[in-house]
Amino acid sequence: MFSTAFLDLPPLQGASGTVTLPGSKSISNRVLLLSALCQGTTVVHDLLDSDDTRVMLAALRQLGCGVDVAGTTVTITGLGGRAWPTEAIEFFMGNAGTAMRPLTAALAVQGGDFTLKGVPRMHERPIGDLVDALRELGCTIDYLGNEGYPPLRVHQPQLQLDKPIPVRGDVSSQFLTALLMALPLAATDRAITIEVIGELISKPYIEITLNLLARYGIAVERHDWERFVIPAGSRYQSPGRIHVEADASSASYFIALGAIAQGDGIRIQGVGADSIQGDIRFMDAAAQMGANITSGPNWLEIQRGTWPLKGITLDCNHIPDAAMTLAVMALYADGPTTLRNIASWRVKETDRIAAMATESRKLGATVEEGPDWITIHPLPAGKWQRTSIHTYDDHRVAMCFSLTAFNTDQVPVRIEDPQCVAKTFPDYFEVLFLVAHTAAPNIPVICIDGPTASGKGTLASRVAEQLGYHYLDSGALYRVTAHAALLAGLTLDTADEAAIAELARSLPVRFEGEQVLLGKVDVTDAIRSEQGGMNASKVSLLPTVRMALVDLQHSFQRLPGLLADGRDMGTVIFPNAPLKVFLTASAAQRAERRHKQLILKGFSANIDSLRADLEARDARDMSRSVAPLKPAQDALQLDNSSLTIEASVEQVMVWWQSRQVFG
Ligand code: DC
């Protein structure tokens, strides 16, 4: 997951390959609650791991459910047949609507002393219609803040189930879903009828609810979309085990990707055209705009078809979440696209109509909006603006706008707060970078070099962390090469130069965090020793070995960018890097730092001799004939003798930002 303040997407040129998507958010949280309401144990496979499901799991644990998480398989031991908690419990629901609504209903019907709170945005999302319906049936619920909004407090109900329970259907279908999942708890000896007031929106989500209720033994009778009857004698029964489909709304970004990007097409695993999720119908809308889509059981394949895409006018009531993706596809169309009947966008994670309009305009697009519609005009070549996309703590805004990096003008796009995708798809950007490609010159490289013990490694890895970029410690490659050569019984000089180069060409080296692996062996400590450094220095003097490591070093230049640390990064390996930093510090300072390090590690050391060693090594490094230590001509010098590491990182970030201006 990218937990950086922002993520800069370089211009992307194409995409091909297979993606496996996380489980559906809607199915995951319903299945968790239904399993909790059953008697006995349910094994849930392919559960989504996200903010929303964590909120639900935490709440279920608080209620006393058995929750056993093993990767994406979660075993729930339900509350059915057991005593509900009588003590006061306070639940924190974050911004998870799919947890807040159904849990409120289940708790209110069951009764107790429960408080439900969330983040400030949750306290702005309406829940009054659900509370009204629950009060109608005898539940006791108080508003702790504003009337009609969370936080809420729930007490013991006095259920009155003989008359139909009215619920509004035109604000959020989650209210009806919440009632449908809660009322079977009360339908043991009588049928319960729910009546929908107003036009029911987002019917496909109700279909998911009904489908899953059936899997848990509750056969709801549906009379059009107006009356729902939960039969007398309903009782939750665990299906034993259940699989969660991949998220069809998450699939929309990769369906759009296949339609927009040049390449051999995108294959999506985990969800197919026969999905129970309404958002799967996004594929029809994408096809209407020009995508070529084929499907089988649990898979989809998408290829670019008509290009540019075709502008469309569409009632999006049936695909409210996925429809946001159409708004971004619209930028690549031949005429305007109008998405209608999307009033629910206004009350989601953010006001999504306003968000999509504002951010599209920043990119240069013309957009019109109304209370429940939006029209987006295509963005022709030459008109794309370099901009920083604000994401409003809304995962879908972030994922949608990542697709603008395929713009014809090859302008990069900055996505603010990229970790907001964690709500439904924590690895979204990683998966995108797996299939997206672009020409190497588009992938930014920052080179950092400097004399030994200048702190370049720490600086480079910290900057990489702040930007979400990959990190290449080229010195480690020479260290590992020397280590492997010694293991193979070679001598580290010209006599074995060809053999060492051969080894280096197919070096099975892997970096995992701080660890360096050679094959399956952890060689971190072995190569980080003083001796390891001296051995590296010897092999680094062999020109054929240096040549043999070039391809390996180039292979680190991957999306979204690279921090390259080492001797010839800016001069030989990445001569066109847009930013090169030469980090220096006085010999006295470096000796002092090294001294501190050694003492901390429990070694004895003498500052004066350390300093003499460093000066001798500087002299050797600067005068050696092969890859001497010298700043690239266009490198910026940074003397960090009197700077903290934070200040040095800040300086490099300032230089980088001044070259990467996002309006
Ligand atoms: O940065 P370091 O101490 O891990 O580097 C080990 C040795 O390898 C050092 O003598 C410099 C040399 N080296 C090199 O010649 N070229 C590089 N790109 C990186 C390191």
Side-chain angles (χ1 to χ4, degrees), residues 445-464 470-486 492-494 497 500-501 503-505 507 509 511 514-518 523-557 562-575 577 580-585 587 590-591 593-594 597-598 610 613-632 635 640:
V445 180
I446 301 174
C447 297
I448 298 189
D449 191 12
T452 189
S454 59
K456 61 187 159 52
T458 313
L459 176 63
S461 59
R462 295 274 188 99
V463 174
H470 300 278
Y471 170 50
L472 166 60
D473 172 2
S474 62
L477 297 183
Y478 288 94
R479 288 170 184 257
V480 173
T481 302
H483 185 78
L486 290 174
L492 306 181
D493 55 30
T494 43
E497 182 166 354
I500 301 173
L503 262 180
R505 238 182 302 276
L507 201 63
V509 63
F511 294 89
E514 303 272 283
Q515 273 190 345
V516 187
L517 301 169
L518 180 61
V523 295
T524 319
D525 290 340
I527 65 161
R528 293 287 174 217
S529 65
E530 286 300 302
Q531 187 60 47
M534 285 192 285
N535 294 339
S537 178
K538 286 185 195 158
V539 296
S540 76
L541 284 171
L542 306 172
T544 330
V545 174
R546 299 197 75 87
M547 288 291 293
L549 285 171
V550 169
D551 286 348
L552 178 57
Q553 295 176 86
H554 283 163
S555 76
F556 281 80
Q557 188 183 7
L562 175 67
L563 253 292
D565 150 16
R567 184 62 50 85
D568 55 353
M569 292 299 103
T571 48
V572 177
I573 306 296
F574 301 110
K580 301 170 187 174
V581 177
F582 194 80
L583 187 68
T584 56
R590 286 183 284 141
R593 288 179 195 160
R594 170 97 2 133
Q597 270 178 359
L598 290 172
L610 280 172
D613 280 355
L614 282 173
E615 281 171 337
R617 185 139 161 214
D618 286 352
R620 253 197 336 266
D621 282 350
M622 284 187 286
S623 64
R624 73 188 218 180
S625 59
V626 178
L629 172 67
K630 72 165 200 281
N640 74 355

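Both counts, for ligands and for their atoms, begin at 1 and track the order of listing.
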- prompt: Less than 4.5 Å apart, any side-chain heavy atom of F511 and any of L477?
  reply: yes
- prompt: What's the spacing between L507 CG and L518 CG if we round to 0.5 Å?
  reply: 6.0 Å
task: State whether the side chain of R590 and the backbone N or O of A585 hold a donor-acceptor pair below 3.5 Å, judged by distance alone.
output: yes
field: S555 side, atom OG; L549 side, atom CG - distance, nearest 0.5 Å
entry: 10.5 Å
message: Please check: side-chain N/O of K580 versus main-chain N/O of P575, any donor-acceptor pairing under 3.5 Å?
response: yes
Do any nitrogen or oxygen atoms of ligand 1 lie under 3.5 Å from a protein nitrogen or oxygen, and which ones?
unit_1, atom_1, unit_2, atom_2, d
ligand 1, 1 (O), K456, NZ, 3.2
ligand 1, 3 (O), R479, NH2, 2.9
ligand 1, 4 (O), R479, NE, 2.6
ligand 1, 4 (O), R479, NH2, 3.3
ligand 1, 15 (O), S540, OG, 3.4
ligand 1, 15 (O), R546, NH1, 2.8
ligand 1, 15 (O), R546, NH2, 3.4
ligand 1, 15 (O), R624, NH2, 3.0
ligand 1, 16 (N), R546, NH2, 2.9
ligand 1, 18 (N), S474, OG, 2.9
ligand 1, 18 (N), R567, N, 3.4
ligand 1, 18 (N), D568, OD1, 3.1

message: If the condition is side-chain hydrogen bond (donor to acceptor under 3.5 Å, both in side chains), which residues does T458 pass it with, not counting sequence neighbours?
response: none
